[in-house]
Asks: 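I'd like to ask you about the structure that follows.
Only this structure's heavy atoms are used, side chains among them; waters, hydrogens and symmetry mates stay out.
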Amino acid sequence: PRSTPLYSSAASDVYKRQYQILGQAGNVLDLVFPYPVPQLVDFIKLLFLDVRKIVMLDCWDIGGFYGKIVTNIVVVPAVLVGVCLLIYISQKRTLMAVIEAGAADTSGVEVLQVKLKQNLFLGIFLVYPTITTTLFRVPQCQEFGEESFHEDDYTIDCGTTKFQATVTFAVLVIILIPIGVPAIFMVLMLRAKRSIGGVVNETALGGAKLAPDDADDESDTYGFLIRDYRPQYWYHEIVTYSRKLLLGGISVVMGRGTMAQTYFVISAEAFYLMHHMRTYPFVIYKHNVMEALGHCALMLLYAISLILRNDDADDWRAEWFPPQA
């Protein structure tokens, strides 16, 4: 029996990529938007599993920034892995019963293993932006005279041994996840490409496939990462991960709310927009258009962040539209 992996259509994936970056805008830019933008962003955060919007750990005295780290870095990924394993175990148990009845052979086990990997890839896709932003927020402290406290939780003294150990932990995990995950994906895909003769095959719908040409499209372990792209741009998901790393992680250390940070994110997004317009990597044309519009929307968002930082009432009275506009 064929199982259904936990992923949606390519169009939905395009929207998710934009939502993931947009949902982190408040954390990255240190900007308070007028109503109803904060409420909209809070809703968007739910789309990539920021469960602290649902479960308020602060009410259980285990919250604060340390609670956020534990939730986003440990609990949510562990739950996702557990769900994927439970689905695999359940499907395998059903398949083994069918095999014992003589209605199928053991080849179905390999199919289930491929689906398990695809579901794990989806889990990584969902939590990657949240993990990245959370980790890069760890070292961000604000000085008050001779003392410094964390920007997100003023109860955390940045001079304590506990906090220094947390920063060390964050640096190690940054190497393992925000940097390591796309690097590992790239190595694995290059290895798969070499195993089929150094070529990228094409699915029935025209997408990239790192599996033998005569193999079923669903047998491609890396289908979730590459099948929406044209074969010559099979690596483009790694480009997307680098974009999330720059805009959701590295931009934080540029200084939240500074002109330097705004210049950095606008320049980075402009580069990715130009790259996208040059390549149009998606198989389906309308998905390329949706992605391009998403790039433009983010660039406008960053430009708006500059405008809203002007809190001079006299300057606004000279404008024909209010800040909320």
Asks: Is there side-chain contact between Leu298 and Arg243, with at least one heavy-atom pair below 4.5 Å?
Replies: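 Sidechains of Arg243 and Leu298: in contact.
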Asks: With a 4.5 Å heavy-atom cut-off, do Met96 and Ile99 have their side chains touching?
Replies: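 Yes, close enough: below the 4.5 Å cut-off.
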Asks: Can you run down the salt bridge (Lys or Arg N to Asp or Glu O under 4.0 Å) pairs that involve residues 171-199, sequence neighbours left out, and say none if there aren't any?
Replies: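 Residue pairs with at least one partner in residues 171-199: there are none.
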Asks: Are there over 12 heavy-atom neighbours, none belonging to Phe271, within less than 6.0 Å of that residue's CZ?
Replies: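 Incorrect, the count does not exceed 12.
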Asks: Would you give me the side-chain donor-acceptor pairs under 3.5 Å for residues 200-208, sequence neighbours excluded?
Replies:
unit_1, atom_1, unit_2, atom_2, d
Asn201, ND2, Ala211, O, 2.6
Thr203, OG1, Leu205, N, 3.4
Thr203, OG1, Gly206, N, 3.3
Thr203, OG1, Gly207, N, 2.8
Thr203, OG1, Gly207, O, 3.4

Asks: Does Leu210 offer a backbone N or O that forms a donor-acceptor pair with the side chain of Asp220 under 3.5 Å?
Replies: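 Yes, the answer is positive, given that a donor and an acceptor are paired below the 3.5 Å cut-off.
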Asks: Say you draw a straight line from CG of Leu246 to OH of Tyr241; how long is it, rounded to the nearest 0.5 Å?
Replies: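 It comes to 15.0 Å.
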Asks: Quick one: are Phe65 and Thr155 in side-chain contact, heavy atoms under 4.5 Å?
Replies: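 The answer is no, as the side chains (C-beta and beyond) never meet within the 4.5 Å cut-off.
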Asks: Determine, stepwise, if the pair His275 / His295 fulfils ring pair (Phe, Tyr, Trp, His ring centres under 6.0 Å).
Replies: CA-CA 11 Å; His275 175 75; His295 283 286; 9.2 Å; no
Asks: Checking Ile179 against Ile174 for the side-chain contact (heavy atoms from CB on, under 4.5 Å) test, could you report, in this order, the C-alpha distance in whole Å, the side-chain angles of both residues, the deciding distance, and whether it holds?
Replies: CA-CA 6 Å; Ile179 297 176; Ile174 285 173; 4.1 Å; yes
Asks: Can you pull out every salt bridge (Lys or Arg N to Asp or Glu O under 4.0 Å) where at least one residue sits in residues 316-325? Sequence neighbours excluded, please.
Replies: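 Pairs touching residues 316-325 that pass the test: Asp314-Arg317.
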Asks: What's the spacing between Lys68 NZ and Asp152 CG if we round to 0.5 Å?
Replies: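 Interatomic distance, Lys68 NZ to Asp152 CG, rounded to 0.5 Å: 5.5 Å.
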Asks: For Tyr229, does its backbone N or O pair with a side-chain atom of His287 as donor and acceptor, under 3.5 Å?
Replies: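 Side chain of His287 to backbone of Tyr229, a donor-acceptor pair under 3.5 Å: no, none is there.
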Asks: For Met299 and Leu273, which heavy atoms make the closest approach, and how far apart are they?
Replies: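 Looking at all heavy atoms of both residues, the shortest contact is SD-CD2, 3.7 Å.
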Asks: Please step through side-chain contact (heavy atoms from CB on, under 4.5 Å) for the pair Tyr222 and Trp234, ending with a clear verdict.
Replies: CA-CA 10 Å; Tyr222 307 99; Trp234 60 273; over 6 Å; no
Asks: Kindly indicate whether the side chain of Glu291, heavy atoms from C-beta on, has any atom under 4.5 Å from the side chain of Tyr272.
Replies: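 Contact flag for Glu291/Tyr272 side chains = no.
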Asks: Using 0.5 Å steps for rounding, measure from the OG1 atom of Thr262 to the CD1 atom of Ile304.
Replies: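 Reported to 0.5 Å precision, the distance equals 12.5 Å.
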Asks: Quick one: does Leu245's side chain get under 4.5 Å of Pro182's, heavy atoms only?
Replies: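 Heavy-atom side-chain distance check fails, nothing below 4.5 Å.
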Asks: After noting the C-alpha distance and the side-chain angles of Glu237 and Phe185, does the key distance pass the side-chain contact (heavy atoms from CB on, under 4.5 Å) rule?
Replies: CA-CA 9 Å; Glu237 192 65 29; Phe185 280 171; over 6 Å; no
Asks: Does the Tyr233 side chain pair with the main chain of Phe282, one donor and one acceptor, at a distance under 3.5 Å?
Replies: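 Side chain of Tyr233 to backbone of Phe282, a donor-acceptor pair under 3.5 Å: no, none is there.
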Asks: So how far is it from Phe121 CZ to Leu126 CG, rounded to the nearest 0.5 Å?
Replies: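 Between Phe121 CZ and Leu126 CG, I get 14.0 Å after rounding to 0.5 Å.
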Asks: Quick one: pull up OG1 in Thr221 and CG in Leu120 and give me the separation to the nearest 0.5 Å.
Replies: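 With rounding to 0.5 Å, OG1 (Thr221) is 11.5 Å from CG (Leu120).
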Asks: Determine, using the 4.5 Å side-chain heavy-atom cutoff (strictly less than), whether Phe163 and Leu172 are members of one ILVMFWY cluster.
Replies: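 No, separate clusters.
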Asks: So do Arg227 and Asp217 actually touch side chain to side chain, heavy atoms under 4.5 Å?
Replies: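 Result no, sub-4.5 Å side-chain heavy-atom pair not found.
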Asks: What heavy-atom pair brings Ile73 and Val173 nearest, and what distance separates the two atoms?
Replies: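 Ile73 and Val173 have their closest heavy atoms at CG2-CG1, 4.2 Å.
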Asks: When rounded to the nearest 0.5 angstrom, what is the spacing between CE in Met259 and CE in Met254?
Replies: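 Reported value, rounded in 0.5 Å steps: 12.5 Å.
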Asks: Looking only at non-hydrogen atoms, find the nearest pair between Ile266 and Ala303 and report the distance.
Replies: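 Scanning both residues, the minimum pair turns out to be CD1-N, 4.3 Å.
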Asks: Would you say Thr133's side chain and Gly248's backbone share a donor-acceptor pair under 3.5 angstrom?
Replies: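 It does hold such a pair.
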Asks: So do Pro281 and Asn288 actually touch side chain to side chain, heavy atoms under 4.5 Å?
Replies: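 They are in contact (side-chain heavy atoms under 4.5 Å apart), so the answer is yes.
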Asks: Is a side-chain N or O of Glu269 found less than 3.5 angstrom from the main chain of Ala297, in a donor-acceptor match?
Replies: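 Not a single qualifying donor-acceptor pair exists.
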Asks: Taking Gln142's backbone N and O only, do any of them form a donor-acceptor pair with Glu151's side chain (distance below 3.5 Å, no angle check)?
Replies: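 Not confirmed, Glu151 side chain does not pair with Gln142 backbone.
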Asks: Looking only at heavy atoms, what is the nearest atom pair of Tyr88 and Leu112, with distance?
Replies: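 Nearest pair, atom of Tyr88 first, then Leu112: CD1-O, 3.7 Å.
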Asks: Counting only N and O atoms by type, is there a donor-acceptor contact under 3.5 Å from the side chain of His236 to the main-chain atoms of Ile226?
Replies: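 Side chain of His236 to backbone of Ile226, a donor-acceptor pair under 3.5 Å: no, none is there.
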Asks: Using salt bridge (charged side-chain N to carboxylate O under 4.0 Å, His left out) as the criterion, list what pairs up with Asp157, not counting sequence neighbours.
Replies: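 Checked Asp157 against salt bridge (charged side-chain N to carboxylate O under 4.0 Å, His left out); zero matches.
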Asks: Can you confirm whether Phe264 sits close enough to Tyr302 that some side-chain heavy atom of one is under 4.5 Å from a side-chain heavy atom of the other?
Replies: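 SC-SC contact between Phe264 and Tyr302 ruled out.
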Asks: Does Ile87 offer a backbone N or O that forms a donor-acceptor pair with the side chain of Lys115 under 3.5 Å?
Replies: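 No; judged by distance alone, with no hydrogens or angles, the pair does not exist.
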Asks: Hydrophobic side-chain clustering at under 4.5 Å (ILVMFWY, transitive links): who's grouped with Phe321? Put none if nobody.
Replies: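 Answer for Phe321: Ile307, Trp316, Trp320.
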Asks: With sequence neighbours excluded, tell me which residues meet ring pair (Phe, Tyr, Trp, His ring centres under 6.0 Å) with Tyr280.
Replies: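 By the ring pair (Phe, Tyr, Trp, His ring centres under 6.0 Å) rule, Tyr280 matches His276, Tyr285.
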Asks: Under 30°, 30 to 60°, or over 60°: which ring-plane class applies to Phe144 and Phe149, parallel, tilted or perpendicular?
Replies: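 Phe144 and Phe149: tilted rings.
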Asks: Can you give me the closest heavy-atom contact between Val265 and Ser251, atom names plus distance?
Replies: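 Closest pair (atom of Val265, atom of Ser251, distance): CG1-CB, 3.6 Å.
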